[in-house]
Amino acid sequence: QVQLVESGGGLVQAGGTLRLSCAASGRTTSFYAMGWFRQAPGKEREFVATITWTTTTYYADSVKGRFTISRDKNTVYLQMNSLKPDDTAVYYCAAADGLGAYSDPDLFDSWGQGTQVTVSS
C-alpha cells in the first residue's frame, strides 16, 4: 500500500507564506514523480507543480515565481510565497509511477486526502 500524508495547510493573509508537506510511505520505489494539484469549489482540479525523481520540476503559469516544489527522500514540499486570494483551494498531493506524468491528474495513481489553504484579502 502507498499512503500520502499531507500537512501545512491553513489560513493566511494575502502576501503571506505557507509550506505544505507530503510524506509518502509504503511501496515508493516505483514513483516517477510527485506533484501538487488544487481544486476550488465549482472548479476542476488543476495542476500546480510536479517534481520527478531526477529533480526536474514543472509549474503552472499561475504560480511560477511564487511557489517552489522540492523533495527530501520520500517527502515532497511546496513552499508558497506571496499568496493571493485566488490560491484558495483544497491542495492535493499525488504520486505517479508512469513515465511522462507531470501535469495531467489522470496520469497520477495515488492521492492524499487534501489540505485546505485559505488566503484572505
Side-chain angles (χ1 to χ4, degrees):
Q1 295 181 345
V2 177
Q3 292 180 320
L4 302 176
V5 180
E6 299 157 309
S7 61
L11 174 65
V12 66
Q13 292 184 342
T17 296
L18 284 175
R19 189 194 192 206
L20 305 183
S21 299
C22 176
S25 61
R27 194 178 187 275
T28 62
T29 57
S30 63
F31 286 178
Y32 166 76
M34 296 183 66
W36 292 93
F37 297 78
R38 66 188 183 186
Q39 187 168 20
K43 297 184 178 180
E44 295 183 355
R45 189 168 299 184
E46 67 174 352
F47 163 73
V48 177
T50 294
I51 186 167
T52 72
W53 245 232
T54 60
T55 71
T56 301
T57 58
Y58 304 88
Y59 295 95
D61 289 341
S62 60
V63 305
K64 286 182 179 177
R66 300 188 298 119
F67 291 9
T68 302
I69 189 170
S70 61
R71 67 174 177 86
D72 179 16
K73 298 295 177 59
N74 289 328
T75 302
V76 175
Y77 305 94
L78 185 68
Q79 178 69 40
M80 304 186 294
N81 299 329
S82 302
L83 283 162
K84 305 175 181 179
D86 285 347
D87 295 319
T88 296
V90 177
Y91 282 69
Y92 297 91
C93 177
D97 60 9
L99 182 65
Y102 67 94
S103 64
D104 187 349
D106 291 338
L107 300 181
F108 284 75
D109 307 291
S110 301
W111 293 83
Q113 77 285 353
T115 183
Q116 178 70 48
V117 172
T118 302
V119 184
S120 62
S121 301

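Positions are given from 1, in the same order as the sequence printed here. Treat the numbers as computed from the prediction; the structure is a model and nothing was measured. Reckoned from all heavy atoms, side chains included, excluding hydrogens, waters and symmetry mates.
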Rounded at 0.5 Å granularity, tell me how far CZ in Phe47 sits from OH in Tyr59. 9.0 Å
Indicate the atoms forming the closest heavy-atom contact of Arg71 with Thr54, along with that distance. NH2-N, 4.3 Å
Using residues 102-109 as the side-chain source, report each donor-acceptor pair under 3.5 Å to any protein atom, sequence neighbours left out, with the distance given to one decimal.
unit_1	atom_1	unit_2	atom_2	d
Asp104	OD1	Asp106	N	3.0
Asp109	OD2	Asp97	N	2.9

Thr75: what forms a side-chain contact (heavy atoms from CB on, under 4.5 Å) with it, not counting sequence neighbours? Ala23, Tyr77
For Gly9, is there any backbone N or O sitting under 3.5 Å from a side-chain donor or acceptor partner on Gln116? no
When you group the ILVMFWY residues by side-chain heavy-atom contacts below 4.5 Å and let the links chain together, are Trp36 and Val12 in the same group? yes
Using only atom types and a distance under 3.5 Å, with no angle test, would you say the side chain of Tyr58 pairs donor to acceptor with the backbone of Thr52? no
Under the side-chain contact (heavy atoms from CB on, under 4.5 Å) test, residues paired with Val117 that sit two or more places apart: Leu18, Leu20, Met80, Tyr91, Val119
Between Asp87 and Lys84, is the closest basic N to carboxylate O distance under 4.0 Å? no
Arg66 versus Leu83, closest heavy-atom pair with distance: NH1-CA, 3.9 Å
Are Val48 and Val76 connected into the same hydrophobic cluster when the rule is that any two of I, L, V, M, F, W, Y join if their side-chain heavy atoms are below 4.5 Å apart? yes
Partner residues of Gln39 under the side-chain contact (heavy atoms from CB on, under 4.5 Å) criterion, sequence neighbours left out: Arg45, Tyr92
Of all pairs that satisfy disulfide bond (SG atoms under 2.5 Å apart), the ones with a partner from residues 45-121, not counting sequence neighbours: Cys22-Cys93
Could you measure the distance from the CG atom of Asn81 to the OG1 atom of Thr17? Nearest 0.5 Å is fine. 4.0 Å
Minimum heavy-atom distance Trp53-Asn74, with the two atoms named: CZ2-OD1, 3.8 Å
Between CD on residue Gln79 and OG on residue Ser21, distance to nearest 0.5 Å: 9.5 Å
Contact between Leu78 and Arg38 at the side-chain level, heavy atoms closer than 4.5 Å - yes or no? no
For the OH atom of Tyr32 and the OG1 atom of Thr50, what is their distance to the nearest 0.5 Å? 9.5 Å
Looking at Leu4 and Gln113, what are the two nearest heavy atoms and their distance? O-OE1, 3.5 Å
Sequence neighbours left out, what passes side-chain contact (heavy atoms from CB on, under 4.5 Å) with Lys43? Give chain and number order. Ala40
